[in-house]
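The structure appears right after this line, and notes come after that.
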Amino acid sequence: MMYPFSYKKIELEAQNFWYNHNCFEIVEIPNKEKFYCLCMFPYPSGNLHIGHVRNYTIGDVISRSQRMLGKNVLNPIGWDAFGMPAENAAKKNIVSPTDWTNSNIYYMYNQLKSLGFSYNWDRKITTCKIDFYRWEQWFFIKLIEHGVIYKNNAIINWDPLEKTILANEQVINGIGWRSGAKIEHRKIPSWFLKITDYAYELLRCLANIDWPESVKKMQVNWIGKYKGIEVSFKVIGSVPNCYSYLKVFTQRPDTLFGVTYILLAPDHHLVELAAQYNYQIKKLCNTFTFCGKCSLATLKNKELGLYVGYNVLHPITNEILPLYVSSFRYFEYGATASMGVPAHSHRDWDFANTYGLPFKTVVSDINGKVPDISKNAYTDFGFIINSGIFNNITCFEAFDYIFYFIKQYKSGVVKQKLKLRDWGISRQRYWGTPIPVKYGITGKQTPLTDEEIPVYLPKHGCLNSKFNLKKIPSFYVLGNGWVRDTETFDTFIESSWYYARFCCTDNNNSILDARVNYWLPVDMYIGGIEHAILHLMYARFFHKLMRDFGLVDCDEPFKKLITQGMVLTYTYYRESFGIKEWFNPLDVCLLKDKKNGNIIPTVKRDGGIVIRNGIEKMSKSKNNGIDPNVLINRFGADTLRLFVMFSAPTEQVLIWSESGIIGSSRFIKRLWNIVHTYIYISGSEHTIIKLSSLRPDQFNLYRQLQKTIKKATSDMIGRHVFNTVISTVMKLTNLVLHFIDIDSSIIGLAVTREALKSIILILAPIVPHITHVLWKVLGFSYAVIDAKWPSYNKHCMLGQLFTVLAQINGKIRKEIKLPLNYHTKTFASTILSSISIKGYLNCKEIHTLIFVHAKVINIVVSL
RNA sequence: GCCCGAAUGGCGAAAAUGGUAUACGCAGGGGACUUAAAAUCCCCCGUCUUAUAAGGCAUGCUGGUUCAAGUCCGGCUUCGGGCACCA
């Protein structure tokens, strides 16, 4: 029998209930155990995409299940509202960044609401609002006073045509994305936060947090602690005194005798000195590119390297070594000079080969054989050769011996270095938090006082397309010759402390208050794996700064982390005049070529052919985000939530495809029908189950129910694996479906009722709307949101038969059902005498018997 | 290039700790109900040999450890994420 089902009615009923009963307004309750669950807040890019749905459903499932465990759950949300896309949209569509952001927030707020997430909306944060960013300015002033912030030169991408600074994302293969111009690199003064001061603590504290190992590894490697020596080479010829020695860091001092040249980066001081007299060097320095994603092949381009005009002396052999500059800034970890050892480094081999520099082999292989370096460098370790008194020792011994030797001549020191660099936080952009600093007539920089902040970001009428605070004198001119800093903060600052502000969003008098120590640290933080390094490192660092200022008590902001795998889709583009236009997969039609069967993607709107770029994460810039609205309207919020959780385990990437959502929809309808069928048959009467009076098939259902609760509890609460929670509940539901057809006795119905109750409770965090209604249908007077997580009966799982596998040489030949307390020896003799096994053992000698209790007996025989 | 992951049927995937590979779902095939369609329900569904029974082969490729490997170790391939101004 079918019962009328309307997800729209169900959703409305549940959401109204939560709203009318203030279910998600939360206060601190000192004696109640707290649980702070947080999802990385979204950038209001226009609309949610499936990646958001996945992220926020995981957070909601965890929040709701923790609530069922009796905890006081904080589950806040907000908007990471400052950032570049608002400026880009403003330029493209002639709207103000404020209006664009606000309308996006309004739309996305409604989308989040429609999905039924249990957010504490009264604590919402919008980072572009003064009540949030004013505290950032306040804290910046404190940091400046304590010397954690300093000013230095930063290198930026300069678009000479647009006369603007571009983000890395906007530079594609050295070309500006809008203008198509070749991008130059310039140095400009910027503010830096001393994250390197906290590097060792950031490394050490990784041991105390429950994060995925992969993320910890990435952070360790990013901080990149490494050891080597810094060798001083004497510069030959007339240079200013301060330039008379060239310091070069190396991690391979054992190859010191193999140096045949020194390579300098374009921003090395000796190169800058040479550039004053040599136009070619100057030109090269102006156009150098970052190593980033370039390939080593670039090195082979002859125009990229030049002799600087200076030579140095080798500290031990006194050989004369030439200095070269490379436009290719490949120096690892920000070093500006490196030893050229072409025989033992692939990149030096390429460089020396291109510029005709000599090779000198100084390391043999592990057998003492001289390696062949005619086609490639030899980069492995072995024994030292061609190195005077150091010959015949191992590379590892040579590290110390060579270091001690050159130390005597004051030509080297051991250095522990970090790959991590300080955090440049200035941005030459409009849509961000204004930096609270002013400059006097002489250029003297002075942080503003507490009375002079907050500095409001001036409204932008979008009259011109240049978003730059430098163009708004009413903003920066302060009188008496003082002017404001016209730059804004990196938007990573906002996301580095918003989690703490959620504890006290209503406080207008201070940045944080005592409530942070009730809620922090965040018990569960959920976000995309793409934030594994930058955001998560900056937030950990910022937390430690706040701790050192007495604002928070704990050492780490996020106790446990789930990194959600990204939701990927195809990206499609069309190129005209070197500029790419990206098309949403929903706007692309896939046609089959009749001749060869190839798929041709075309734009639905105009039929033009587009190019498939690949499968990539859903993002605004590639326009491949799938809007969930279509699916919510067609199937309902519960179905979408269920499907997204069922499709793949949370940490795995998910290549989006909506085929299969129909299965989730069917399951929800089936559940609706079973519960109504049960009520139709049983009426409102129900009895209590006595285990001893259950028939075998009734007991079987009861036992499957206990198993399901056990599995669901460990997967939902312990492992946070939701797809298996759903599949195990589906299995039980199928069982109930058949059972209810056969057994409508009073006891049978009682077992059915128990099963339905647990199914609803287990599913309640995942599909909160339908379970809200079905719980009422089952006749409970309180709402399912206030129900407790089900517990299982351990005892009924004992005393059952187990399947033991009989294997011969690891191949399964027979399975036998045995009680758990069987005797191994009796079992062995029984199995060896069984006829089917005897057939396999014919005339073969038994070597060993391997027993794994309640699992396997493996009979190892000679072949 | 460097760092971190991933790879199992036609598809999404399951198998915590090494011990029945493919649970659950989608698609597909067949059937029931129906005037019909939709919906719902039932059966089949990795691959090869053979009518069946039965057996062989299968977890990206490759080599190893083990009585036993999807799972552990080594070497590759392909795909994804990050690489400091996308967030």
Side-chain angles (χ1 to χ4, degrees), chain A residues 1-2 40 42-43 45 80 83-85 88 154 156-157 165-171 212-222 224 290-298 330 332 346-347 419-424 426-429 490-492 495 528-535 537-538 563 565-566 568 614-617 619-622 643 646-649 651-655 657 659-664 666-667 669-670 673 714-715 718-719 721 723-724 726-731 734 737 741 803 805 807-812 815 847-850 852 855-856 858-861:
Chain A
M1 184 159 177
M2 300 288 288
M40 293 179 187
Y43 179 81
S45 57
D80 190 10
M84 222 178 42
N88 293 336
I156 50 85
N157 305 308
I165 290 165
L166 297 186
N168 290 345
E169 188 192 45
Q170 299 170 317
V171 182
E213 281 308 310
S214 58
V215 177
K216 289 189 184 183
K217 275 186 204 160
M218 279 190 254
Q219 295 219 341
V220 168
N221 294 337
W222 185 260
F290 289 100
C291 65
K293 293 150 195 167
C294 310
S295 78
L296 268 178
T298 324
Y330 66 81
E332 284 160 15
H346 291 306
R347 68 171 196 213
K419 194 184 148 208
L420 182 72
R421 307 200 298 264
D422 277 338
W423 176 11
S426 309
R427 296 291 179 271
Q428 302 69 37
R429 308 199 185 285
D490 178 6
T491 55
F492 271 124
S495 53
I529 183 71
E530 74 271 29
H531 296 292
I533 294 173
L534 292 182
H535 161 58
M537 183 80 82
Y538 290 144
T563 46
M566 257 160 303
L568 312 176
I615 300 173
E616 291 166 277
K617 70 168 174 175
S619 72
K620 192 81 190 164
S621 61
K622 298 265 171 85
F643 177 59
F646 182 60
S647 290
E651 308 242 324
Q652 196 164 305
V653 295
L654 177 60
I655 297 167
S657 153
S659 88
I661 194 168
I662 191 76
S664 298
R666 274 179 204 150
F667 173 72
K669 282 184 202 157
R670 194 177 304 152
N673 282 326
S714 89
D715 287 357
R719 299 200 301 152
V721 179
N723 54 333
T724 52
I726 296 166
S727 64
T728 195
V729 170
M730 281 178 169
K731 235 159 115 175
N734 289 343
L737 190 70
D741 271 352
T803 306
L805 304 173
Q807 302 179 332
I808 295 170
N809 286 351
K811 274 199 194 303
I812 294 151
E815 36 184 87
H847 282 292
T848 334
L849 290 175
I850 308 262
V852 181
K855 274 185 183 158
V856 158
N858 191 9
I859 307 161
V860 186
V861 298

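Predicted, not measured: the structure shown is a model, and the values here were computed from it. Within every chain, numbering begins at 1; the chains are lettered A, B, ... in the order of the sequence lines, protein sequences first and strands thereafter.
Listed here is the closest heavy atom pair of A:Ala532 and A:Val215: O-CG1, 3.7 Å. Residue A:Val861 comes nearest to A:Asn809 through the heavy atom pair N-OD1, 2.9 Å, listed as atom of the first residue, atom of the second, then distance. Scanning all heavy atoms of the two residues, the minimum distance from A:Gln219 to A:Met537 falls at NE2-N, 3.6 Å.
Nearer the 5' end of RNA chain B, as judged by each residue's closest nucleotide, is the contact made by A:Val215, out of A:Trp423 and A:Val215. Take the nearest nucleotide of RNA chain B for A:Glu213 and for A:Ile615: the residue whose nucleotide is more 5' is A:Glu213.
In this structure, A:Phe646 reaches the bases: a heavy-atom distance under 4.0 Å links it to at least one base atom across the strands shown. Using a 4.0 Å heavy-atom criterion, one finds that A:Ser214 contacts the sugar-phosphate atoms exclusively. A:Ser647 comes within 4.0 angstrom of the backbone, heavy atoms only, and of no base. Within 4.0 Å (heavy atoms only), A:Ile662 reaches sugar-phosphate atoms of the nucleic acid but no base atom. Within the 4.0 angstrom heavy-atom criterion, no nucleotide atom of any strand lies near A:Ile726. Residue A:Ile812 is classed as a sugar-phosphate contact, given heavy-atom separations below 4.0 Å to backbone atoms only. Here A:Asn221 lies in heavy-atom contact (under 4.0 Å) with sugar-phosphate atoms only. Heavy atoms of A:Pro42 sit nowhere under 4.0 angstrom from any nucleic acid atom. Among the heavy atoms of the strands, none lies under 4.0 Å from A:Ser621. Residue contacts for A:Leu568: at a heavy-atom cut-off of 4.0 Å it reaches the sugar-phosphate backbone alone, with no base atom in range. Counting any heavy atom pair closer than 4.0 Å across all strands shown, A:Phe492 reaches a base atom. A:Ser426 comes within contact range of at least one nucleobase, with a heavy-atom separation under 4.0 Å. The residue A:His531 sits close to a base: some heavy atom pair falls under 4.0 Å.
In this structure, of B:rG81, B:rA84, B:rC85, it is B:rC85 that holds the atom nearest to the side chain of A:Gln428. For A:Arg719, the side-chain atoms get nearest to B:rA15 when compared with the rest of B:rC4, B:rA15, B:rA23. Checked against B:rC24, B:rA84, B:rC86, the side chain of A:Pro85 finds its nearest nucleotide in B:rC86. Distances from the side chain of A:Thr724 to the nucleotides B:rA14, B:rG80, B:rA23 place B:rA14 closest. Distances from the side chain of A:Met84 to the nucleotides B:rA14, B:rC86, B:rG80 place B:rC86 closest. Comparing B:rA15, B:rA84, B:rA87 against the side chain of A:Trp222 picks out B:rA84 as the nearest. Side-chain atoms of A:Val852 lie closest to B:rG19 of the nucleotides B:rA15, B:rG19, B:rA87. Of the candidates B:rG81, B:rG5, B:rA14, B:rG81 carries the atom nearest the A:Glu530 side chain, counting heavy atoms from C-beta on.
In this structure, the side chain of A:Asn858 does not engage the main chain of A:Leu849 through any donor-acceptor pair within 3.5 Å. Side chain of A:Gln652 to main chain of A:Pro649: no donor-acceptor pair is present (N/O by atom type, distance under 3.5 Å, no hydrogens or angles).
Rounding to whole angstrom units, CG of residue A:Asp715 and P of B:rU17 are separated by 13 Å. Atom pair A:Asn673:CG and B:rU40:P shows a separation of 9 Å (rounding to whole Å applied). Atom CD of A:Gln652 and atom P of B:rG81 are 15 Å apart (whole Å). Going from atom CD1 of A:Ile533 over to atom C1' of B:rC83 covers 7 Å, rounded to whole Å. Atom CG of A:Asn157 is separated from atom P of B:rA84 by 10 Å (rounded to the nearest Å). Here the P atom of nucleotide B:rA13 and the CD atom of A:Glu651 are 14 Å apart, to the nearest Å. Taking atom CD1 of A:Ile529 as the reference point, atom C1' of B:rG5 lies 7 Å away to the nearest angstrom.
The side chain of A:Arg427 places an N or O atom within less than 4.0 Å of a non-bridging phosphate oxygen (OP1 or OP2) of B:rC85. For B:rG56, the OP1/OP2 oxygens have no side-chain nitrogen or oxygen of A:Lys811 closer than 4.0 Å. The phosphate of B:rA39 has neither OP1 nor OP2 within less than 4.0 Å of any side-chain N or O from A:Arg670. Distances shorter than 4.0 Å separate some side-chain N or O of A:Asn723 from OP1 or OP2 on B:rA14. Taking side-chain N and O atoms only, A:Lys855 has no distance below 4.0 Å to OP1 or OP2 of B:rC67.
Between B:rU77 and B:rG28, the two P atoms lie 39 Å apart (nearest whole Å).
Taken to the nearest 0.5 Å, the NE2 atom of A:His847 stands 13.0 Å off from the CD1 atom of A:Ile859. The CD1 atom of A:Ile165 lies 4.0 Å from the CD1 atom of A:Ile156; values are rounded to the nearest 0.5 Å.
Judged by distance alone with a 3.5 Å cut-off, a donor-acceptor contact links the side chain of A:Gln807 to the base of B:rG19. Looking at A:Asn168, its side chain has no donor and acceptor atom pair within 3.5 Å of the base of B:rC85. At a cut-off of 3.5 angstrom, counting only N and O atoms as typed in the model, there is a donor on one side and an acceptor on the other between the side-chain of A:Lys617 and the base of B:rC86.
Using a 4.5 Å heavy-atom cutoff, the side chains of A:Arg670 and A:Asn734 are in contact.
Donor-acceptor pairing under 3.5 Å is lacking for the side chains of A:Ser495 and A:Asp80.
Not counting sequence neighbours, the partners of A:Glu616 by the salt bridge (charged side-chain N to carboxylate O under 4.0 Å, His left out) test are A:Lys622.
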Checklist outcome for this item: Read 5' to 3' with Watson-Crick or G-U pairs under 3.5 Å, [ ] for crossing pairs and | for partners on another strand, RNA chain B gives (((((((..(((......[....))).(((((.......))))).((((....))))..(((((..]....))))))))))))....
